[in-house]
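Notes follow once the structure below has been shown.
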Amino acid sequence: MPPEGGAFDDEPSYTKFQQVVKGQRTCLAEVFDKHMRDGFKMTVYDAFIFFRGFAVWNALYLQPTIPRQDESKCYFEAELLGPDRLRHMSGDCRLYNPYEPHFLPMVPSRDLGSDVHVEIQYRFREEDPYGWWKGLVQSYRVQPNGTQEVVVYFPQYKDNPKWANETVILGQKNLKPMAFKKQQSVGGIRLCTAQQTVSWSKRQQIWQF
């Protein structure tokens, strides 16, 4: 069970995050690059953060809604990390459910130009919580029926055509399966703030691509 005093009450998430960084409490935060594995580079996943001392924190990642039958296929649900891999919850965490898709409303096309920095929701299985994957807008188009489609490019996976890009439909009500694996699905999309873009640039330098 997650500890009491998570990020789903009426206290701003950033205040909680600062107290966690100072070792004063536990809260829900976003963690960059889960376990520093290649398959999770340039992502953030939600986790409960515990201060361990000596500039080390413990991240307990959110669990699937249905327990996995084969725990030998470990998804590495906890790890130790430093403060450079922590980010406070984006937006109003009281309105955010990491198990549900987050959809942007219809937005002006000028906000979705080529190479705009975005994050898209992705999960491996229906019962898993979503993570956010960093990418760049490759193209934007409006279909005759008014549907807005955004093609997102992932430079970190440029050498793997299965992962190099994905199409997101704004305001889509039904989840879109990944083209090559039905169990994997894309949720919503959000624009990166200027501060988040700077943070992602630092992560890109670490991964050296």
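To the nearest 0.5 angstrom, Y122 atom OH is 3.5 Å from W163 atom CH2. The distance from the CZ atom of R203 to the OG1 atom of T43 is 9.5 Å, given to the nearest 0.5 Å. Atom OH of residue Y45 and atom CZ of residue R123 lie 11.0 Å apart, to the nearest 0.5 angstrom. One finds the CD atom of E119 at 8.0 Å from the OG1 atom of T193 (value rounded to the nearest 0.5 Å). Considering CG of L112 and CD of Q148, their distance stands at 7.0 Å, rounded to 0.5 Å. A distance of 5.0 Å separates NE2 in H117 from NZ in K134, rounded to the nearest 0.5 Å.
Between G135 and F154, the closest heavy-atom pair is CA-CD2, 3.9 Å. Residue Y99 comes nearest to L62 through the heavy atom pair OH-CB, 3.6 Å, listed as atom of the first residue, atom of the second, then distance. Closest heavy-atom contact between A29 and I49: CB-CG1, 3.7 Å. When every heavy atom of W132 is checked against every heavy atom of G188, the shortest pair comes out as CZ3-O, 4.2 Å. The nearest pair of heavy atoms linking P64 to R125 is CB-NH2, 4.3 Å.
A donor-acceptor pair under 3.5 Å links the side-chain atoms of D33 to the main chain of M42, judged by distance alone. Side chain of Q121 to main chain of E100: a donor-acceptor pair is present (N/O by atom type, distance under 3.5 Å, no hydrogens or angles). R85 places a side-chain N or O within 3.5 Å of a backbone atom of F32 that can act as its donor or acceptor partner.
Checked against the 6.0 Å centroid criterion, the rings of H35 and Y61 qualify as a close aromatic pair.
The hydrophobic clustering, which links ILVMFWY residues whose side-chain heavy atoms are closer than 4.5 Å, places W207 and Y153 apart. Placement of V186 and V151 in two distinct hydrophobic clusters is found when ILVMFWY residues are connected by side-chain heavy-atom separations under 4.5 Å, directly or transitively. L136 and F209 end up in different hydrophobic clusters when Ile, Leu, Val, Met, Phe, Trp and Tyr side chains are linked at under 4.5 Å. In the hydrophobic cluster analysis, where Ile, Leu, Val, Met, Phe, Trp and Tyr join through side-chain heavy atoms closer than 4.5 angstrom, V142 is grouped together with V150. Grouping the Ile, Leu, Val, Met, Phe, Trp and Tyr side chains by contacts below 4.5 angstrom, directly or via other members, places V137 with L191.
Ring geometry for W133 versus Y157: interplanar angle of 30 to 60°, hence tilted.
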**Prompt:** Hey, mind stepping through K202 and I206 against side chain to side chain contact (heavy atoms under 4.5 Å, CB included) and telling me if it holds?
**Reply:** CA-CA 7 Å; K202 294 179 180 178; I206 292 174; 5.7 Å; no
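When side chains are defined from C-beta on, V31 does not count as touching F40, because their heavy atoms never get closer than 4.5 Å.
Ion pairing between a basic and an acidic side chain is recognised when a charged N comes within 4.0 Å of a carboxylate O; D46 and K34 show no such pairing.
Listed by first and then second residue, the salt bridge (charged side-chain N to carboxylate O under 4.0 Å, His left out) pairs involving residues 140-149 are R141-E149 (not counting sequence neighbours).
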